[in-house]
4 protein chains.
Amino acid sequence: MDAARRAQLVRCTVEAIAEVGMRKASLAEIARRAGITKGAIFYHFANREELVNEVLVTLLTEGARYMGERIAEQADPAAELRAYLESNIDYIATHRAEVAALVAIAMNHTDERGGAREVDASVYGESLRPLEDILRRGQEQGLFCAFDTRTTAMTIRAAIDAIGPQLSAIPDLDLDRYTTELVALFDRATKRVPA
Amino acid sequence: MDAARRAQLVRCTVEAIAEVGMRKASLAEIARRAGITKGAIFYHFANREELVNEVLVTLLTEGARYMGERIAEQADPAAELRAYLESNIDYIATHRAEVAALVAIAMNHTDERGGAREVDASVYGESLRPLEDILRRGQEQGLFCAFDTRTTAMTIRAAIDAIGPQLSAIPDLDLDRYTTELVALFDRATKRVPA
Amino acid sequence: MDAARRAQLVRCTVEAIAEVGMRKASLAEIARRAGITKGAIFYHFANREELVNEVLVTLLTEGARYMGERIAEQADPAAELRAYLESNIDYIATHRAEVAALVAIAMNHTDERGGAREVDASVYGESLRPLEDILRRGQEQGLFCAFDTRTTAMTIRAAIDAIGPQLSAIPDLDLDRYTTELVALFDRATKRVPA
Amino acid sequence: MDAARRAQLVRCTVEAIAEVGMRKASLAEIARRAGITKGAIFYHFANREELVNEVLVTLLTEGARYMGERIAEQADPAAELRAYLESNIDYIATHRAEVAALVAIAMNHTDERGGAREVDASVYGESLRPLEDILRRGQEQGLFCAFDTRTTAMTIRAAIDAIGPQLSAIPDLDLDRYTTELVALFDRATKRVPA
DNA sequence: CATGAATGAGTGTTCATTCAT
DNA sequence: CATGAATGAACACTCATTCAT
């Protein structure tokens, strides 16, 4: 079926990019991994860009579902923020190839056209909005202190997104500790201090 | 003179990378901007990598000097942390092309071989250590609370480094506000709360 | 078919090298002769070296077969030596382009790294050993006098290999006479003189 | 002085070609060895070809003088032939760089234009005529048997010229033995056998 | 659906040659 | 006499893309 081949190609592309980097993840390399020929790729995708875009969307969707489920179980915004951090770092730890590919794609996308970016450079793009939601609700419920939700959300995302590159450089990074520290840091930075 | 052309080529490379990205910043493109031929580049640099390395070193050095001067004037670690954030974001705001180039180079360096990187992916590389220094001294002097200095330093850097890509996406980002918010956020996250 | 194009490219390479020399027999020149583009060559051969190697192997194999058949028919080592000389010069006379290409390739291979050559600079490489065999058997059977088989074999090969360059300089060289004289010369130099 | 620089450049070119081969003996490399700049070479030689030609002529002249002196001392053509072989091989043994350069130049010259060669591919070019002279006088004096002097001269030269490439491949070749064997071989091949 | 073959524009790099100073 | 800087044409090689079969 068409969809199966597309999925397989997406998977092979993720692995290729994760292993050899965007530069060397040529269509020939991807085709080799999929066990088909370069030409066949064009039957399923109009061009390279479309294939890479599909990869991007797929990974973003996967990640969003992974995190969304865990966050939904929480009782209040403070717990949700903790769950957001924990589930995100957990996803990164257990999906290194996907994250590596995502980072590589985001990087090469970013510097192409410095104008309107259709895909956020952030690892989880669409997750910036839900994050702001959590922060805003926390403020409304008096759990969080006053701060600009956008800036804070961006900082949280940046702290998480920095893990990917760090993991490549320091493979045995202690992620559990990193998580604990990050949760504590943002707890101090957001919690309301009673008068 | 030799040095003048080298400097010009470095500048043209920065601009080329900032505008069209690493991928398309070919030697032909750089030469075109410099008004010379591709071949002439090889008179001044052994190969592409050496040129890019010179760009990297130049930008890193410039940035470090810019920030170092401001931080040195501060009275205590808390003020230094504020100066670090402010001067860094100020540099980013006033050197957009340089920062864009730096990010692009760091990115493409990273995804090549995920092993030991001689140049940190962080926009200011060497500035992670001085940052940790500030945090540690702040703790020693009882100004800062207990936290892992490495994780916190990485988070601060990540928050700053995230501005570069963000600027590309949202060119009219209010950096003054961003700065104020970030200073406040990390003040809350680091300051010692008296019992 | 793949093999047909490969064969055509090998033939075009032989002709190109024979006519314009190794230096100027660029992939562009070879592609032009084959009526395809440079890039297409890389579909059939990994790189220039592989193409040249295929040419080398092809020509060596052809030559060895040509000579081997004639030599095998002979009754004794003295006749074999004559057949060796005659068939080799005959091959040179009737395959001038091949020989020219072979010489050019061997030459440019030699001066690259003066170390261990996998392919002998001699036009027929592997034919030095069979030549020594003939000489040794001739000595064992009392047909040849005492001499160092290696030196003599090298001299015979040198005399034959000198014809190639000579042919380029003097296109109307009388090869029949050359052959007769060479056969006589090496007959005198090798035959046993009865006491 | 002009002539001194020319001589120095010729010398450096010989060494460069002998060490790195024709291909990599670029003008930059030669200039580096001479301690001047590429551009300066063009003050002394119109172009690369002229420089290489001067090298060729110089080496050929040097070799001819070396051999001529020894041959002139001999009493009869048979002794001259022996002296020719011995002095030539001796020259090769004691002037390896020169011979290596000569071979490399001859090789790359040969395959350039397959037409009229102004310089013989033979290592000593002009020495083919004196060799034929020796052979002819030997026949006239009844010392040598009947044979075509041209073919025999070419064979002798080929046997000697084959030493150069052989030396590169087998650096510890026993030249003394090679000489003895060659002298004996051509003695058998040329001497008159009394009825 | 897929292949095998080819294209063509592009890449970084080398080098003999030129020339103002 | 010589340099330092530059040119420009050539080189081997890569790769997304096309298309007849």
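Quick note on labels: first sequence line is chain A, next is B, and so on, each numbered from 1.
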- prompt: What nucleotide among dA10(F), dA16(E), dG4(F) has an atom nearest to a side-chain atom of Tyr43(B)?
  reply: dG4(F)
query: Atom CD of Glu50(B) to atom P of dG12(E): distance rounded to whole Å?
result: 15 Å
field: Distance in Å, Arg33(A) CZ paired with Ile30(A) CD1, rounded so as to fall on 0.5 Å steps
entry: 8.5 Å
- request: With the side chain of Lys38(B) defined as its heavy atoms from C-beta on, choose the nearest nucleotide among dA2(E), dT11(E), dA5(F).
  value: dT11(E)
message: Between P on dA5(E) and CZ on Arg6(C), what's the gap in Å once rounded to a whole number?
response: 11 Å
message: Tell me whether Glu29(C) contacts the main-chain N or O of Lys24(C) through its side chain, where contact means a donor paired with an acceptor under 3.5 Å.
response: no
field: side-chain N/O Arg23(D) vs dT14(E) OP1/OP2, d < 4.0 Å
entry: no
query: Of the candidate nucleotides dT7(F), dC13(F), dT7(E), which contains the atom at the shortest distance from the side chain of Arg48(C)?
result: dC13(F)
- prompt: Rounding to a whole Å, what distance do you find between Arg32(B):CZ and dG8(F):P?
  reply: 16 Å
- prompt: Nearest to the side chain of Thr37(D), which nucleotide is it out of dA12(F), dT17(E), dT3(F)?
  reply: dT3(F)
field: Proximal nucleotide (of dT7(E), dT17(E), dA5(E)) relative to the Asp2(C) side chain
entry: dA5(E)
query: At under 4.0 Å, does any side-chain N or O of Arg5(C) touch on OP1 or OP2 of dG4(E)?
result: no
- prompt: Considering only side-chain heavy atoms of Asn47(B), which listed nucleotide, dA2(E), dA16(F), dT13(E), is closest?
  reply: dT13(E)
- request: Write down the distance between CD1 (Ile41(D)) and C1' (dC19(E)), rounded to a whole number of angstrom.
  value: 16 Å
field: Val52(A), Val57(A), Thr58(A), Leu56(A) screened by side-chain contact (heavy atoms from CB on, under 4.5 Å) with Glu54(A), the one that passes
entry: Thr58(A)
field: Residue met sooner reading DNA chain F from 5', once Leu27(C) and Gly39(B) are mapped to nucleotides
entry: Gly39(B)
statement: Of dT11(E), dC13(F), dA2(F), the nucleotide closest to the side chain of Ala28(B) is dT11(E)
- line: Lys24(B) atom NZ is separated from dG12(E) atom C1', nearest whole Å, by 18 Å
- line: Winner on side-chain proximity to Phe42(C), out of dT17(E), dA12(F), dA5(E), is dA12(F)
statement: When every non-hydrogen atom of Glu50(B) is compared with those of Phe45(B), the smallest separation belongs to OE1-CA, 3.6 Å
message: Using heavy-atom distances to pick each residue's nearest nucleotide on DNA chain F, tell me which of Gly35(B) and Ser26(A) is more 5'.
response: Gly35(B)
Separation of dT11(E) P from Leu51(B) CG (nearest whole Å): 15 Å
- prompt: So, is His44(C) near the phosphate of dA6(E), with a side-chain N or O under 4.0 Å from OP1 or OP2?
  reply: yes
- line: Checking N1-N3 plus N6-O4 or O6-N4 for Watson-Crick, or N1-O2 and O6-N3 for wobble, each under 3.5 Å, the partner of dA20(F) is dT3(E)
- prompt: Whom does dC15(E) pair with, Watson-Crick or G-U wobble, provided both distances fall under 3.5 Å?
  reply: dG8(F)
query: Looking at CD1 of Ile41(C) and CG of Leu51(C), how far apart are the two atoms once the value is rounded to the nearest 0.5 Å?
result: 6.5 Å
- request: Would you give the length of the straight line joining atom OG of Ser26(D) to atom CZ of Arg48(D), rounded to the nearest 0.5 angstrom?
  value: 7.5 Å
task: Can you tell me the distance, in whole Å, between the CG atom of Asn53(C) and the P atom of dA12(F)?
output: 15 Å
